[in-house]
Amino acid sequence: MIKNEKLKWLNVIFWLASVAAMIGLMIGCGRFFDDSTDMGLLIEFVIITVVTLGFLYLISGKKTFTYLTNETGYTVKMLWPTLIFSGIFALFGVLAYFIDKPPLKDNWLLGLIISAISMFLVGVYEEGCFRACACDALLPILKKTKHPFFWTALISGLIFGYVHVVSFDFTDLQQTLQFFLKIANLLITGATYMILYWKTRNLLGLAIVHGLNDFLPDFLNHIFEYKSQDDSEAYITGDASTTIVYVIQLVIELLCFIYVYKKVAKKIDYKKTLDEWCD
């Protein structure tokens, strides 16, 4: 990790570059191969993951990589409540499939396995970018501020939320409300994950839970010849139903944050953690 005060800003540039690279690759990979298929999407996510971990190495060196699997079981255990919302969608999906009874897809097992691996990789590169890279880049810069951990969570959380928002119309009240609800949801989710990262510096556990959150609402679409509506990632639709979904999600995410804050955040020695992080 860079120690010179002026050069520490280079780590911030590397972090922002990792965000830009992630977005650019998600847009650009489709120009070189078909990323609408399960295998194409897997290849795209492998590329993004490798690039993100490359930026993490540039920012942190070997130090952070030694902690990436530290206390994985504890991390997953503390984050399990964040699976409630996606689990609810998975349950509704199962009920819908029992009612409609659609046929199985050809090679559904292979598609399911590829999807599971792909969602895990999404967890790796998003947590690697917005938790690991963000902390390792921002905390040394913000160390002398009054609340360095708060500002790190806020800055990374806002960017994490913004990159998940598809374009929308500010003149439409529903779309504007959904925009702010989406940002709020991901800001709180990011803060919850960030607390565990401060405590353990574990990336594997974060990636597992993050991947499950992305996998659960959509996994049945890889088994059956039927496309369900994944409202957990509906983004900005302008429909009142999506707004209601985001409000429910916000309540659940707030409860998860409070749970993790009480169980984990209050037990962190922030001064010791900051000194060790920035040495």
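Start at 1 with the first residue, then count along the sequence. Please read these numbers as outputs of a predicted model, since none were measured by experiment.
- Contact check for L56 versus D136: side-chain heavy atoms found under the 4.5 Å cut-off.
- Looking only at side-chain heavy atoms (C-beta outward), L203 and R131 stay at 4.5 Å or farther from each other.
- Formation of a donor-acceptor pair under 3.5 Å by the K105 side chain with backbone atoms of N221 is found in this model.
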Under 3.5 Å, side-chain donor or acceptor atoms of residues 253-262 against the rest of the protein: list the pairs with distances, not counting sequence neighbours.
residue, atom, partner, partner atom, Å
E253, OE1, T189, OG1, 3.2

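- Between E71 and M78 the shortest side-chain heavy-atom distance does not fall below 4.5 Å.
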List the steps, then state whether side chain to side chain contact (heavy atoms under 4.5 Å, CB included) holds for F92 with I88. CA-CA 6 Å; F92 278 118; I88 291 173; 3.5 Å; yes
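- When all heavy atoms are compared, the tightest approach of G128 to T52 is C-CG2, 4.0 Å.
- What you find for L83 and V209 is that their closest heavy atoms are CD2-O, 3.7 Å.
- L104 and I99 are members of different hydrophobic clusters when ILVMFWY side chains are connected at heavy-atom separations under 4.5 Å.
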Audit row: L154, W151, side chain to side chain contact (heavy atoms under 4.5 Å, CB included) steps and yes/no: CA-CA 5 Å; L154 181 63; W151 290 115; 3.6 Å; yes
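- A donor-acceptor pair under 3.5 Å links the side-chain atoms of Y270 to the main chain of A265, judged by distance alone.
- From Q174, atom CD reaches atom CG of L181 across 9.5 Å, with rounding to the nearest 0.5 Å.
- No side-chain donor-acceptor contact under 3.5 Å links D38 to the backbone of S115.
- Annotation: side chain of T273 is in contact with side chain of F149 (closest heavy-atom distance under 4.5 Å).
- Across all their heavy atoms, E127 and A207 have their closest contact at CG-N, 4.2 Å.
- No side-chain donor-acceptor contact under 3.5 Å links S60 to the backbone of K63.
- Using modelled atom types and a 3.5 Å distance limit, the side chains of R201 and T64 yield a donor-acceptor pair.
- Counting heavy atoms of neighbouring residues, nucleotides and ligands inside a 6.0 Å radius, atom CZ of F65 exceeds 12 of them.
- Under a cut-off of 6.0 angstrom, the local environment of CZ in F33 is crowded, with over 12 non-hydrogen atoms contributed by other residues, nucleotides or ligands.
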Would you please test K8 and K143 for side chain to side chain contact (heavy atoms under 4.5 Å, CB included) and show each step? CA-CA 11 Å; K8 284 178 182 179; K143 182 178 181 180; 5.9 Å; no
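- Residue M194 comes nearest to C135 through the heavy atom pair SD-SG, 3.1 Å, listed as atom of the first residue, atom of the second, then distance.
- Separating the CG atom in N213 from the CE atom in M119 is a distance of 12.0 Å, to the nearest 0.5 Å.
- In terms of hydrophobic clustering, with Ile, Leu, Val, Met, Phe, Trp and Tyr side chains grouped at heavy-atom distances under 4.5 Å, V251 and F85 are assigned to different clusters.
- Around CG of D269, the count of heavy atoms belonging to other residues, nucleotides or ligands within 6.0 Å exceeds 12.
- Contact of the H210 side chain with the F120 side chain is not registered, since no non-hydrogen atoms from C-beta on lie closer than 4.5 Å.
- For L274 against L139, the heavy-atom pair with the smallest separation is CD1-CD2, 4.0 Å.
- Under 3.5 Å, the side chains of T200 and N70 contain no donor-acceptor pair of N or O atoms.
- L204 contributes atom CG, which lies 4.0 Å from atom OG1 of T72 (distance to the nearest 0.5 angstrom).
- Y67 and F130 are assigned to two separate hydrophobic clusters, defined by single-linkage of ILVMFWY side chains at heavy-atom distances under 4.5 Å.
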Does the side chain to side chain contact (heavy atoms under 4.5 Å, CB included) test come out yes or no for L16 and I159, once each step is laid out? CA-CA 10 Å; L16 294 175; I159 296 177; 4.3 Å; yes
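- Residues V245 and I248 share a single hydrophobic cluster, defined by chaining ILVMFWY side chains whose heavy atoms lie under 4.5 Å apart.
- Both F219 and V122 belong to a common hydrophobic cluster when Ile, Leu, Val, Met, Phe, Trp and Tyr are linked at side-chain heavy-atom distances under 4.5 angstrom.
- Of all non-hydrogen atoms in V19 and C129, the two that sit nearest each other are CG2-SG, 3.5 Å.
- Atom CG of L91 is separated from atom OG of S86 by 11.5 Å, given to the nearest 0.5 angstrom.
- Using the six-membered ring where Trp is involved, F55 and F14 have ring planes that are tilted, between 30° and 60° apart.
- In this structure, Y193 OH and N202 CG are separated by 12.0 Å, a value rounded to the nearest 0.5 Å.
- Atom OG1 of T37 sits about 7.0 Å away from atom CD1 of I43, to the nearest 0.5 Å.
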